[in-house]
Asks: 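Dropping a structure here in structure tokens format, bear with me for questions.
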2 protein chains.
Amino acid sequence: MSQQRNGQAAGAPDGAGFPDLPEATVARLPEYLRALHHLAETGFDTVSSEGLAAAAGVNSAKLRKDLSHLGSYGTRGVGYDVALLIAQIEHVLGLTQRRTVALVGVGNLGHALAGYGGFGTRGFRIAALFDADPGRVGEQINGLPVHDIRRLPEVVAAEAISIAVIATPAEAAQQVADQLVAAGVTSILNFAPCVLSVPDGVDVRKVDLAVELQILSFHEHRKSALTTLPSHPANGRVKIRPALNGEALAT
Amino acid sequence: MSQQRNGQAAGAPDGAGFPDLPEATVARLPEYLRALHHLAETGFDTVSSEGLAAAAGVNSAKLRKDLSHLGSYGTRGVGYDVALLIAQIEHVLGLTQRRTVALVGVGNLGHALAGYGGFGTRGFRIAALFDADPGRVGEQINGLPVHDIRRLPEVVAAEAISIAVIATPAEAAQQVADQLVAAGVTSILNFAPCVLSVPDGVDVRKVDLAVELQILSFHEHRKSALTTLPSHPANGRVKIRPALNGEALAT
DNA sequence: AGGCGTTTGTGAACGTACGCACAAACTCAC
DNA sequence: GTGAGTTTGTGCGTACGTTCACAAACGCCT
Ligand SMILES: NC(=O)c1ccc[n+]([C@@H]2O[C@H](COP(=O)([O-])OP(=O)(O)OC[C@H]3O[C@@H](n4cnc5c(N)ncnc54)[C@H](O)[C@@H]3O)[C@@H](O)[C@H]2O)c1
Ligand SMILES: NC(=O)c1ccc[n+]([C@@H]2O[C@H](COP(=O)([O-])OP(=O)(O)OC[C@H]3O[C@@H](n4cnc5c(N)ncnc54)[C@H](O)[C@@H]3O)[C@@H](O)[C@H]2O)c1
């Protein structure tokens, strides 16, 4: 499910397609990992699929199948060794060494991200900040200096950065993405509300707050439609009334 | 697909299940809407499925099927009327009147969200801010006062708020969610890295930045494994090496 | 050592989603 | 009015994801 993905994405690199880990499973592993860390802190040494599933907010059968994909070692009649499972998942996700991340666009949102302390515990280190505004370059945030965007290639190479976060306005995002790719970045997390086009081999994930709210709005709309007309709704199926021509239409 | 969903979510409210819009389609409509607005600003009156699909970053067949679900009016040989399609999608998403949103937790991230101007153009209005910290209550952000969290029921009722955003630390999130539900909120967007448990009929979507980065990390890991061993990879399939017992294990 | 309760791992059935490919529907030019 | 070119809407095959349900595996108690 997920997000933007271009052409034949990484995961099926050549013709002889190999399935390896299902994408849906990959998307859930981080959630399992978070739940496991929480359990470990709470003093658990082992956990059953039922328990972990509850902590991660999923079905236990799904959890077991997900874990079985990574050849996991649970013990029947007992459950999973929490510490071992953490190590396994971190290994699969490539978190055994902390990954360095670049953040481009230190505005409203970028400031919040740069100042966020929660990355360290999840396997990442923000290694560099960039902006195009000369007034912002040189500023220090959380002990990190803001670099001019033109120093991107240099710093990306020096810090061995492979992941970048874009927090610039949408108009600048494509240009920034191009610069990032040129500098050698191969994974991008995009907060700007626009589609990025990147070469094959580069992964893009997008987070758009308004999209999330609009999805919620849809369900909200649905709920209220149901409670307003409690009985005999036509034939038991909610029909979408087509908007009349010109209705709410910005001519 | 997407995110946390509890029990039988809204969308299949009673026994006589009705399919209506596929969830995957709902998740893409906001992206189409954004692309359409962009096209409208650029001066387009009509757009082909091919063109709109490119602007939204999806396959054109998928786009057509999605639009066909809402009984959409395209014209063969021509394409879709941009303004009409915007009105249709906004209608389906329940955006015909602007929805009011509450934001709880005006810290690092909350400040950025409260100061963000991009909501208005996407159908939402942040109608109220809340925090538990007495030092923050009373502060004004973007002309909006920060209310004490205890005034939640009162303000939610007065402003007819049905959607809320949680931007508090994870430890407080469940408690805040309970208060929101008690106050009548039925949709929650959660930025705290934790699972929320809510009654049936309440929708929760979660945004976790670290999860997104970890998914990127997985693909990054995969890519480097492939380029490091360029030839004969065992049997053409990447095997996940199980972590040895105790390896990288915090005993 | 053996039996019992527990929990994993997975085969199989089901449901959803994707994308191709094509007929039907439409415009426009002449 | 007719034919050529374009584009929608959708039927269909395939792939993917989810869930059930159960046998095999394990610990523990006696
Ligand atoms: N603020 C939020 O809460 C929020 C929420 C959702 C989405 N977004 C999106 O995130 C992005 C950033 O939002 P914001 O509120 O921080 O905007 P902002 O205007 O406050 O910050 C943008 C920053 O990017 C910098 N920038 C512009 N062009 C650049 C370039 N070419 N190279 C490098 N840096 C450049 C600017 O100098 C500025 O510092 C926007 O696309 C916005 O739509 C923001
Ligand atoms: N800052 C980021 O960039 C970022 C990124 C990803 C996720 N997050 C998550 O978002 C959440 C907020 O992050 P932050 O950096 O803004 O934290 P923060 O500590 O800066 O802000 C949290 C705010 O919540 C308020 N709060 C605490 N308990 C409350 C309660 N019971 N009711 C109402 N308000 C309460 C606090 O007073 C504070 O103002 C955290 O869960 C964090 O993990 C933040």
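Throughout, protein chains are lettered first and strands after them, A, B, ... in sequence-line order, and every chain is numbered starting at 1. Since this is a predicted model, take the numbers as computed values, not measurements.
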Asks: Roughly how far, to the nearest 0.5 Å, is the CG atom of Leu52(B) from the NE2 atom of His38(B)?
Replies: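 So the NE2 of His38(B) and the CG of Leu52(B) are separated by 12.0 Å.
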
Asks: Of all residues at least two apart in sequence or in a different chain, which pass the side chain to side chain contact (heavy atoms under 4.5 Å, CB included) check with Ala182(B)?
Replies: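 Partners of Ala182(B) under the side chain to side chain contact (heavy atoms under 4.5 Å, CB included) test: none.
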
Asks: Could you tell me whether the side chain of Lys65(B) has a donor or acceptor atom within less than 3.5 Å of a complementary atom in the base of dG19(C)?
Replies: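 Present.
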
Asks: Using only side-chain N and O atoms of Asn59(B), determine if any of them is under 4.0 Å from OP1 or OP2 of dC20(C).
Replies: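 So the side-chain polar atoms of Asn59(B) do come within 4.0 Å of the phosphate oxygens OP1 or OP2 of dC20(C), strictly under.
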
Asks: Near DNA chain C, counting only heavy atoms under 4.0 Å, which residues of residues 30-53 of chain B show up?
Replies: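 Contacting residues: none.
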
Asks: Are more than 12 heavy atoms from other residues, nucleotides or ligands located less than 6.0 Å from atom CZ of Phe44(A)?
Replies: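 Not more than 12 within 6.0 Å, no.
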
Asks: Of all heavy-atom pairs between Ile215(B) and Ala27(A), which one has the smallest distance, and what is that distance?
Replies: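 The pair with the smallest heavy-atom distance is CD1-CA, 3.7 Å.
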
Asks: Using only atom types and a distance under 3.5 Å, with no angle test, would you say the side chain of Ser187(B) pairs donor to acceptor with the backbone of Asp203(B)?
Replies: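 Such a contact is absent between Ser187(B) side chain and Asp203(B) backbone.
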
Asks: Nearest whole Å is fine: how far is dT8(C) P from Leu70(A) CG?
Replies: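 About 14 Å, once rounded to whole Å.
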
Asks: Can you figure out which of dA17(C), dG9(D), dC18(C) approaches the side chain of Glu23(B) most closely?
Replies: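 Closest nucleotide to the Glu23(B) side chain: dA17(C).
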
Asks: Under 3.5 Å, is there a donor-acceptor pair between the Asp66(B) and Thr25(B) side chains?
Replies: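 The answer is yes; a qualifying pair exists.
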
Asks: Is the phosphate of dT18(D) approached by Lys62(A) (side-chain N or O, under 4.0 Å from OP1 or OP2)?
Replies: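 Checking dT18(D) against Lys62(A), a side-chain N or O does come within under 4.0 Å of OP1 or OP2.
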
Asks: Over how many whole Å does the gap from Leu67(B) atom CG to dG9(D) atom P extend?
Replies: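 Distance check: Leu67(B) CG to dG9(D) P gives 8 Å.
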
Asks: Separation of Asp66(A) atom CG from dG9(C) atom P, in whole Å?
Replies: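 For the pair Asp66(A) CG and dG9(C) P, the rounded distance is 12 Å.
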
Asks: Gln88(B) has an atom CD; how far is it from atom P of dG9(D), in whole Å?
Replies: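 Atom CD in Gln88(B) sits about 11 Å away from atom P in dG9(D).
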
Asks: Using a cut-off of strictly less than 4.0 Å, decide whether Tyr80(B) has a side-chain nitrogen or oxygen near OP1 or OP2 of dC26(C).
Replies: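 Tyr80(B) to dC26(C) OP1/OP2: no side-chain N or O under 4.0 Å.
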
Asks: Under a 4.0 Å N-O cut-off, is there an ion pair linking Glu31(B) with Arg28(B)?
Replies: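 Salt bridge flag = no for Arg28(B) with Glu31(B).
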
Asks: I'd like to compare against my own output: the B/S/- annotation of nucleotides 21-30 of chain D with a strict under-4.0 Å heavy-atom distance to protein.
Replies: B--BBBS---

Asks: Before giving the answer on side-chain contact (heavy atoms from CB on, under 4.5 Å), spell out for Arg122(A) and Leu33(A) the whole-Å C-alpha distance, their side-chain angles and the decisive distance to 0.1 Å.
Replies: CA-CA 9 Å; Arg122(A) 311 281 290 270; Leu33(A) 187 58; over 6 Å; no

